[in-house]
Amino acid sequence: MAILALIIIGAAAGLIATRLMNVQTDLVTTISIGIFGALVGGLALRFLVSLAGMAAGFVGAILGAMVLIWLWEKYGPGRR
């Protein structure tokens, strides 16, 4: 079932891409372009999302450290 979905989505993606790029191809080439384009695009997207995820984690770590510093200054030893 997954292979059939890949072929259908690949055919649709290939058809749209070849029309947007104004390229005339046969059905097999169109499907191949869509499938391989989905693989390349999926890998690129996962890479970009992982970079954004690391950046978000870094920002979260800074914000968490700032909250801990604030708590330490407000309620830490020697503070009343």
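Since the model is a prediction, treat every value here as computed from it, not as a measurement. Values reported hereafter were calculated over all heavy atoms of this structure, with side chains retained and with hydrogens, waters and symmetry mates removed.
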Distance-only donor-acceptor pairs under 3.5 Å for side chains of residues 52-63, two or more places apart:
none

Residues sharing [X]'s hydrophobic cluster, by side-chain heavy-atom contacts under 4.5 Å among ILVMFWY, directly or via others?
X	answer
V28	none
L43	none
I69	none

Can you give each donor-acceptor pair under 3.5 Å made by side-chain atoms of residues 15-24, sequence neighbours left out, with the distance rounded to 0.1 Å?
{"residue": "T18", "atom": "OG1", "partner": "G14", "partner atom": "O", "Å": "2.8"}
{"residue": "T18", "atom": "OG1", "partner": "L15", "partner atom": "O", "Å": "3.0"}

How many angstroms lie between CG in L4 and CD1 in I9, if you round to the nearest 0.5 Å?
9.5 Å
Decide whether L48 and V40 are clustered together by the hydrophobic rule: side chain heavy atoms of Ile, Leu, Val, Met, Phe, Trp, Tyr closer than 4.5 Å, transitively.
no
Suppose the criterion is side-chain hydrogen bond (donor to acceptor under 3.5 Å, both in side chains): which pairs have a residue in residues 28-37, not counting sequence neighbours?
T25-T30, D26-T29
